[in-house]
S.K.: 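Before we start, here is the structure in question, set down as structure tokens.
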Number of protein chains: 2
Amino acid sequence: MSFQKLDDLGRRLEALEHALSILGADEATHMAVGGGEKRAEAMSNLAGMYHAQATAPEIRDWIDAARNEDLSEDQGLALNELERAYVNATCLPTDFVQRRTAATMRSEQLWRDLRAKGDWDSFLPALEGVVALVREEAALRAEATGLAPYDALMDHYDPGNRTADIDLVFDDLKSFLKTFVPEALAVQEERLARHPRKTLNGPYPIERQRELGLAAMRAVGFDFTHGSLAVSHHPFCGGVPTDVRMTTRYRTDEFLSSLMGVLHETGHALYEQGLPKDWSHWPLGKARGMGMHESQSLFVEMQLARSPDFWHFMLPQVSQYLGKEAIPGWDIADVLNEVNFVERGFIRVDADEVTYPLHVILRYELEQDLVTGKLEVSQIPEAWDAKMTEYLGISTKDDPKDGPMQDVHWPGGAFGYFPSYTLGAMIAAQLGAAMKKDLPDMGEQMRAGHFTAINQWRADRVWTQASRFSTPDLITRATGEPLNADHFKNHLRQRYGK
Amino acid sequence: MSFQKLDDLGRRLEALEHALSILGADEATHMAVGGGEKRAEAMSNLAGMYHAQATAPEIRDWIDAARNEDLSEDQGLALNELERAYVNATCLPTDFVQRRTAATMRSEQLWRDLRAKGDWDSFLPALEGVVALVREEAALRAEATGLAPYDALMDHYDPGNRTADIDLVFDDLKSFLKTFVPEALAVQEERLARHPRKTLNGPYPIERQRELGLAAMRAVGFDFTHGSLAVSHHPFCGGVPTDVRMTTRYRTDEFLSSLMGVLHETGHALYEQGLPKDWSHWPLGKARGMGMHESQSLFVEMQLARSPDFWHFMLPQVSQYLGKEAIPGWDIADVLNEVNFVERGFIRVDADEVTYPLHVILRYELEQDLVTGKLEVSQIPEAWDAKMTEYLGISTKDDPKDGPMQDVHWPGGAFGYFPSYTLGAMIAAQLGAAMKKDLPDMGEQMRAGHFTAINQWRADRVWTQASRFSTPDLITRATGEPLNADHFKNHLRQRYGK
């Protein structure tokens, strides 16, 4: 039976994926420093085996033959996703993949060096090379999928997302934020005048911060029989659904950045841990896409963990784990002053949830023009500065380090990924609004540290659905309406508005 | 070029081995408890890929063709070892391997359950099944290698070892030990009457024991840029040469078992870290075999770390890391009273270095008879008891738990492995004697905590030689004479005799 052959192939690919995921997490957490070269060699060889097995020509025949077999509904859905994965994996010729891998690796290495120096001019030729290849890739993916070039790139990260839909939602959000950011800043100024920011009372020993983070993870539902927390330079959530490898990093002068980071990554982890176990070797059993994944991390971070209800529960835990004198005299409002602080800034990854979408929309607009050829790489700094000035009122003129050189995505060839961040924030808000209808006492539950019903709601509507539906369909099914900016706008108004 | 094809294959196999080694070490150290099932599935699939790639029929053609190519001396040696690995991997038919894997897995699981109950009768049929398959395996390996059946099994673990040679050495050692064990016990009794064993002053916090262990590893030459120490239930030395994963376990009531275990595993680790890096993807670049590997761990543990000279250096470290009151009033003689304590016992893994070889020789003799069919499985308890009584003067009659059920080797089908332990001890003593000729101040160097020259000597003669020579040839080249029991006997006499 051909479906059985695909099923067996899925288990072999899952084994290689398992190895790559655990080796990747291990590299950032437990590997000896001198082990990197051999690790890279091993992972590159394993990735090669994966690619060879996932793109074998007979898979096309198996898929076609399986269409005529007597399949269950799940198997039928699995076949659709298998085909999508196969098309995505085979639509780029091997020699193109090799050229692209070589170019992006070189460009990323160069970027790491030149970014620190803010040397845009030296970096320009490398990025031009990458963009030329990305245009080629977009054309190849467009041909294979029948989509427009930029849509084909985006579809790779979030199946079903189209600029035609997202443009509308982002435009709505952008025009809202242009007036809302000044409003939120004024509200904040007024509030801080009445209730100034308090100082912390560190140092906060790492071992205690770790215990606090573990307690927060446990509270919001992380399953420690299927995952763990370690330390790495850049926090991530990796591993496999049965053994999720989460990381954080610690500073001893403050504890909030690690704690909020842990909560963010726990959102990713819950999604992975909640995926259907029986489908783990099928593309159907994977998390839907990057936007959906980010919605789950931002749900925990933004919808739950930056709310007054959550801190009603969390504040006593801080005293319990860090000591009574950790934040003497602080109440919930003091914490919210910190975790919900709004500020216009240059750097996306440092941005708060109010200004963050403007950073993303700027990139989304520019990368579409880069892919279509409306914009050339040499014109990026000027275009970037114009949009930063328009959207956030700050200029990056002559400051490429804090402007177009700040992110690894473009040097690494990842075009079509940026929108996921803000789509995630909007999906999270839309899920939060829908959840409140079903669980009107959601706030009280949080205050009591009860997250079971909150998690069950997301498990039913998102986690267990895995890749059954396209991203837009999954959103509509989970929330009862297509993606729109209203719920996120309401969320921001409520938290930061007058 | 055919050699190039073999070289490329070596790199792919190395990648799979790398994954299996790191995943195996990770499973015992950092994996979440619920991750085991998927990990086992992934590792079994990866092992299947390894086997399929390592036994592909075209490899035979490549080896034959490479014989006619213009190869360097190293490449010629590499080709020999590649062929040896290929013959060993292909001489068992796939359906036989599957039958054996199924039988030994079942038997091992049964053993874990029945051993605790000492239920030999229920275990008997499973072990009979395993022994029947081992006889079949020995015949298949004998046919492929031209060796006698038991030699063919042993050759798999230690290439070149033959019963014809080892019988002589073991007989010599056995007759020596029959009189020496009572002598050593009498000497000990007399010494302890004058200088009784002291009590420890625990508890010893794990974090401090860890620091002490790390200091000991560092002192004897472990390279922390290519390895690390973690905790596991059963201590091991795993990982890959560029990233050696060592483990230990801790008790808080005493610290010597963890420290001595760490030093033992460090001996294995130094061998792995000292292998030639350029050959890491060839069988030629691997450690020579189990006996040689054990000689390196026992060299550090027995030749170095249980000597007065070593403790001259180590004792102040104990105070430094565990505190001044850790072992108040202890001098070197007190430590040696503990680490060199001799005792007749039932259990091999608990045995001291004087009685240990008798446990091994007993098994070596019995398993030869089991393989040839001179002994049947049902006769093991009686034969075991007879030899225990003869060699160690203690009976295991009606006590299979502490008798033939104590080890995992036979339930797991590992016949021909046991001799490696005592061969390792003898090789270590022979290396120690040869080293003393070249480094007459070896003892003073240890007292000063200097291990560079000691390590360089072993690196030159053992580590960098990897699998260039058979085990017997490697021993002769490293020490100037064939393996014999004299140096080990001298070592025991000097440490434990009158």
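In what follows, every chain begins at residue 1, and chains take the letters A, B, ... in the order their sequences are listed.
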S.K.: Which of these, B:Tyr204, B:Tyr321, B:Tyr250, sits in a side chain to side chain contact (heavy atoms under 4.5 Å, CB included) with B:Phe255?
M.R.: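 Running side chain to side chain contact (heavy atoms under 4.5 Å, CB included) over B:Tyr204, B:Tyr321, B:Tyr250 with B:Phe255 returns exactly one hit, B:Tyr204.
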S.K.: For B:Arg39, is it the side chain, the backbone, both or neither that has a heavy atom under 4.5 Å from a heavy atom of chain A?
M.R.: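 Both parts, backbone and side chain.
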S.K.: Does the plane of the ring in A:His293 sit parallel, tilted or perpendicular to the ring in A:His268? Use 30° and 60° as the thresholds.
M.R.: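 The arrangement is tilted - the two ring planes meet at 30° to 60°.
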S.K.: Using heavy-atom distances under 4.5 Å, tell me whether A:His30 contacts chain B through its side chain, its backbone, both, or neither.
M.R.: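 Both parts, backbone and side chain.
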S.K.: Tell me, for B:Glu37 versus chain A, whether the close heavy atoms (under 4.5 Å) come from the side chain, the backbone, both or neither.
M.R.: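 B:Glu37 has no heavy atom closer than 4.5 Å to chain A.
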S.K.: So what's closer than 4.5 Å to chain B heavy atoms on A:Glu17: side chain, backbone, both or neither?
M.R.: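 Neither the backbone nor the side chain of A:Glu17 comes within 4.5 Å of chain B.
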S.K.: Give, as side chain, backbone, both or neither, the part of B:Met49 having an atom under 4.5 angstrom from any heavy atom of chain A.
M.R.: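 Side chain only.
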S.K.: So for atom CE, which belongs to B:Met1, do other residues, nucleotides or ligands contribute more than 12 heavy atoms lying within a distance under 6.0 Å?
M.R.: yes
S.K.: Show your reasoning for whether side-chain hydrogen bond (donor to acceptor under 3.5 Å, both in side chains) applies to A:Asp223 and A:Thr225.
M.R.: CA-CA 5 Å; A:Asp223 171 6; A:Thr225 68; 2.6 Å; yes
S.K.: Checking A:Arg245 against A:Asp243 for the salt bridge (charged side-chain N to carboxylate O under 4.0 Å, His left out) test, could you report, in this order, the C-alpha distance in whole Å, the side-chain angles of both residues, the deciding distance, and whether it holds?
M.R.: CA-CA 6 Å; A:Arg245 302 296 173 99; A:Asp243 186 12; 2.7 Å; yes
S.K.: Using non-hydrogen atoms and a 4.5 Å limit, figure out which bit of A:Arg11 sits close to chain B: side chain, backbone, both or neither.
M.R.: both
S.K.: What option among A:His226, A:Met31, A:Lys38 has the most heavy-atom pairs under 4.5 Å with chain B?
M.R.: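 When all of A:His226, A:Met31, A:Lys38 are compared, A:Lys38 has the most.
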S.K.: Select, from B:Gly48, B:Gly35, B:Gly34, the one with the greatest count of heavy-atom pairs under 4.5 Å involving chain A.
M.R.: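 Heavy-atom pairs under 4.5 Å are most numerous for B:Gly34.
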S.K.: Using atom types as modelled and distance alone, determine if a side-chain donor or acceptor of B:Gln75 lies under 3.5 Å from a backbone N or O of B:Ser72.
M.R.: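 Yes.
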S.K.: For B:Ser280, is it the side chain, the backbone, both or neither that has a heavy atom under 4.5 Å from a heavy atom of chain A?
M.R.: side chain
S.K.: Check whether A:Thr29 gets within reach of chain B through its side chain, its backbone, both or neither, counting any heavy atom under 4.5 Å.
M.R.: neither
S.K.: With the side chain counted from C-beta on, respond yes when B:Asn455 and B:Trp463 share a heavy-atom pair under 4.5 Å apart, and no when they do not.
M.R.: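 With C-beta onward as the side chain, the pair touches.
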